[in-house]
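Computed from a prediction, not measured in an experiment: that's the story for all the values here. Any value given below was found using the heavy atoms of this structure, including those in side chains, with hydrogens, waters and symmetry copies removed.
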Protein chains: 2
Amino acid sequence: MALASVNLTKNQKTVLDILENSSEPLKAYTILFDIQKKGIKSPLQVYRALDKLIEIGKVHKIESRNSYVACKHEGCNAKTSTSFLICENCDSVTELTGNNLISYFSKQAEKNNFNYKKHNLEIFGLCENCKLKN
Amino acid sequence: MALASVNLTKNQKTVLDILENSSEPLKAYTILFDIQKKGIKSPLQVYRALDKLIEIGKVHKIESRNSYVACKHEGCNAKTSTSFLICENCDSVTELTGNNLISYFSKQAEKNNFNYKKHNLEIFGLCENCKLKN
DNA sequence: CTTAAAATGTTATATTATAACATTACAATA
DNA sequence: TATTGTAATGTTATAATATAACATTTTAAG
């Protein structure tokens, strides 16, 4: 079986590759336009690759921006939950890790008799670089 | 000046009214179809009303669902930040309030030298009713 | 009243995402 | 290796979500 990445297909590898080499989140149609040389011609091919990559946790979607970002954490367990710091100035994105968020949210949910399963968290503000510049 | 709601225009009132009387979040085009009798004919009229209502904090957007929900908290200060519990079974939505989340996120952000401004949080799972049924 | 800002009405179009269906690749196993 | 079932692909069309542009009207403040 080996690592999930070993099993990626051509289209999936192509899409993951462009995301991993991007310094910022990309939109589906941006990905499409950037890789039309590599045989991917239709939106659906991009979306299907993204779906799979998200499913195995190699890519996360940033909901508020309709953008996609490659996960940098080897063996990231965020197949479902994601937590991001998003810079409003330069659009850079940092992923928060660690389970302390999950246990915190579980408790918050419990107070409302709600059974926690997963979450999306997007924190907006200024990254270190942009803080210094302003 | 008085309360923000006093200053709402006809279209804004119409859109807010349908959201406040809905038991669940609504999509923009659902709102449009539901209120065409009241003189709203184009998507833009709905989106403009929504933009304004979001700006004054009477409505929040649920990013992962492209849906909109009326805020039930009198004088809600969540003009920008939002925190929701979303039931995966029945799609009901509960808004979390209180500033403890904000101070928690500020600290998490600071650990990454990130200057917190606002956030969107969406927690998915089972609401109290659906927990009991399953 | 006047005037400036905000909201409206309308048409067109941009952006994001999925449906449907025929075909191909591929791994498990009989 | 032949079979077979699952996943992935390729392709066309279309659905769903959201904004641009611009002329006009309403509104509230001075």
Compute whether any side-chain donor of one residue and acceptor of the other, for B/T94 and A/N112, lie under 3.5 angstrom apart. no
Please report the closest heavy-atom contact between B/Q45 and B/G39, naming both atoms and the distance. NE2-O, 4.2 Å
If only side-chain N and O atoms count, and only distance matters, is there a donor-acceptor pair under 3.5 Å linking A/N120 with A/T82? yes
Protein-nucleotide distance (A/N7, atom CG; C/dA27, atom P), rounded to Å: 8 Å
Given atom OH of A/Y47 and atom P of C/dT15, what is their separation to the nearest angstrom? 12 Å
Side-chain N or O of B/N66 versus OP1/OP2 of D/dA18: is the shortest distance under 4.0 Å? yes
On DNA chain C, does the nearest nucleotide to B/Q45 precede the nearest nucleotide to A/D51 from the 5' side, or the other way round? Give the residue. B/Q45
Any link between B/F124 and A/F105 through a network of hydrophobic side chains (Ile, Leu, Val, Met, Phe, Trp, Tyr) touching at under 4.5 Å? no
From NZ of B/K13 over to P of C/dA7, roughly how many Å is that when rounded to an integer? 13 Å
Tell me: CD of A/E55 to P of D/dA7, nearest whole Å? 9 Å
Assign each of B/R48 and A/A28 the nucleotide of DNA chain C bearing its closest heavy atom; nearer the 5' end lies the nucleotide of B/R48
Is A/Y29 side chain donor-acceptor paired with the C/dA14 base, going by distance under 3.5 Å alone? no
Once you build an axis from the first five pairs and another from the last five of the helix from C/dC1-D/dG30 to C/dA30-D/dT1, how far apart in angle are they, to 10 degrees? 40°
A/E63 CD to D/dT17 P, in whole Å, measures 13 Å
Decide whether B/H60 and B/E95 meet the rule of one side-chain donor and one side-chain acceptor closer than 3.5 Å. yes
Whole angstroms only, please: what is the CG-C1' distance between B/L44 and C/dT8? 9 Å
Could you tell me whether the phosphate oxygens of C/dT10, OP1 or OP2, come under 4.0 Å of any side-chain nitrogen or oxygen in B/K41? yes
Check every strand shown and say whether A/T9 touches a base, only sugar-phosphate, or nothing at a heavy-atom separation below 4.0 Å. sugar-phosphate
Rounding to an integer number of Å, can you tell me how far A/Q12 CD sits from D/dA7 P? 12 Å
Kindly indicate whether the side chain of A/F84, heavy atoms from C-beta on, has any atom under 4.5 Å from the side chain of A/V93. yes
Can B/S81 and B/Y116 be counted as having a side-chain donor-acceptor contact under 3.5 angstrom? yes
For DNA chain D, whose closest nucleotide is more 5', that of A/A49 or that of A/P43? A/A49
Atom pair distance, as rounded to whole Å: NZ in A/K52 and P in D/dT6: 14 Å
Does OP1 or OP2 of C/dT16 have a side-chain N or O of A/K27 closer than 4.0 Å? yes
Return no unless some side-chain N or O of A/K61 is found under 4.0 Å from OP1 or OP2 of C/dA17. yes
